[in-house]
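These numbers were taken from a predicted model, which means no experiment stands behind them. Throughout, residue positions are numbered sequentially from 1 according to the sequence presented.
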Amino acid sequence: MIGYEIKIKDEDPIPVVVFEERKYDLVGTFLLAEARSFSREILSALDEVCVEGKTSGGFAGNVFSLEIAPDMTKVTDDIMGRECEIPTRELKEVVEAYRKSL
C-alpha cells in the first residue's frame with residue numbers, strides 16, 4: 001500500500017496529495033493539474049481496466065497522460081517528458097480520495 005496524505009492549507013483551499021515516497025511526487029502534480037477538472041474521466045478510464053477487464057486504457061489531459069495496464073499505470077508529464085509508474089488500483093484509490101476532498 002502506498003502511503004499518502006491529502007493536505008489542505010488554510011491560505012490555499014486546493015487539496016494537495018503528498019506521498020511518503022518521493023518517487024510518486026509526479027502523481028501528486030498530476031492530481032493537482034488534471035484531477036480537479038477531469039476526475040470523472042480519469043476514474044472512468046481506470047474502471048475500464050480495473051473493473052471491466054480491458055487489457056489497457058488511457059487518459060490524456062491538458063498536461064499529463066496515463067497509460068493504464070491492469071498492474072501498473074504510467075503517468076507522463078507530456079510537456080516536461082517526466083514519467084513515473086504507480087500500481088493501477090492504488091492510483092484509482094488515490095483519485096477517488098482526492099475527488100472526495102474537492
With no hydrogens and no angle check, is any side-chain donor or acceptor of Arg36 less than 3.5 Å from a backbone partner on Leu32? yes
Taking all non-hydrogen atoms of both residues, which atom of Lys92 and which atom of Leu46 are closest, and how far apart? CA-CD1, 3.7 Å
Would you compute the distance between atom CD of Glu34 and atom CG of Leu66 and round it to the nearest 0.5 angstrom? 8.5 Å
Val63/Met80 under side chain to side chain contact (heavy atoms under 4.5 Å, CB included): CA gap, chis, key distance, verdict: CA-CA 9 Å; Val63 176; Met80 301 298 288; over 6 Å; no
Taking every heavy atom of Asp78 against every heavy atom of Ser65, the minimum-distance pair comes out as OD1-OG, 3.0 Å
Distance check, rounded to the nearest 0.5 Å: Ile86 atom CD1 versus Ile68 atom CD1? 12.0 Å
Evaluate the ring planes of Tyr24 and Phe19, with Trp represented by its six-membered ring, and classify them as parallel (under 30°), tilted (30 to 60°) or perpendicular (over 60°). tilted
Point-to-point distance, once rounded to the nearest 0.5 Å, from CD1 of Ile2 to CD of Glu20: 10.0 Å
Looking at Lys100 and Glu96, is there a salt bridge between them, counting it only when a charged N and a carboxylate O are closer than 4.0 Å? no
For Ala35, is there any backbone N or O sitting under 3.5 Å from a side-chain donor or acceptor partner on Arg99? no
Under the salt bridge (charged side-chain N to carboxylate O under 4.0 Å, His left out) test, which residues partner Glu41, sequence neighbours left out? none
Here the gap from Ile42 atom CD1 to Leu91 atom CG, rounded to the nearest 0.5 Å, amounts to 8.0 Å
Step by step, work out the side chain to side chain contact (heavy atoms under 4.5 Å, CB included) result for Glu48 and Phe59. CA-CA 11 Å; Glu48 286 180 353; Phe59 166 82; over 6 Å; no
Linking I/L/V/M/F/W/Y whenever their side-chain heavy atoms sit closer than 4.5 Å, directly or via other members, would Ile79 and Leu31 fall into one cluster? yes
Steps toward salt bridge (charged side-chain N to carboxylate O under 4.0 Å, His left out) verdict (Glu21, Lys23): CA-CA 5 Å; Glu21 295 182 61; Lys23 69 180 183 177; 3.8 Å; yes
Rounded distance (nearest 0.5 Å) linking atom CD1 of Ile14 with atom NZ of Lys9: 11.5 Å
Taking all non-hydrogen atoms of both residues into account, name the closest pair between Thr88 and Pro70 and its distance. CB-O, 3.7 Å
Just verifying a value: how many Å separate Glu52 CD and Ser44 OG, rounded to the nearest 0.5 Å? 7.0 Å
Judged by atom type as modelled, is there a donor-acceptor pair below 3.5 Å linking the side chain of Glu85 to the main-chain atoms of Met72? no
For the residue pair Ser39 and Val95, what are the closest heavy atoms and their distance? O-CG1, 4.4 Å
Contacts of Thr76 meeting side-chain hydrogen bond (donor to acceptor under 3.5 Å, both in side chains) (sequence neighbours excluded), chain-then-number -> none
Of the non-hydrogen atoms in Leu26 and Arg82, which two are nearest, and what is the gap between them? CD1-NH2, 3.1 Å
Quick one: does any side-chain atom of Tyr98 pair with a main-chain N or O of Pro15 as donor and acceptor, under 3.5 Å? yes
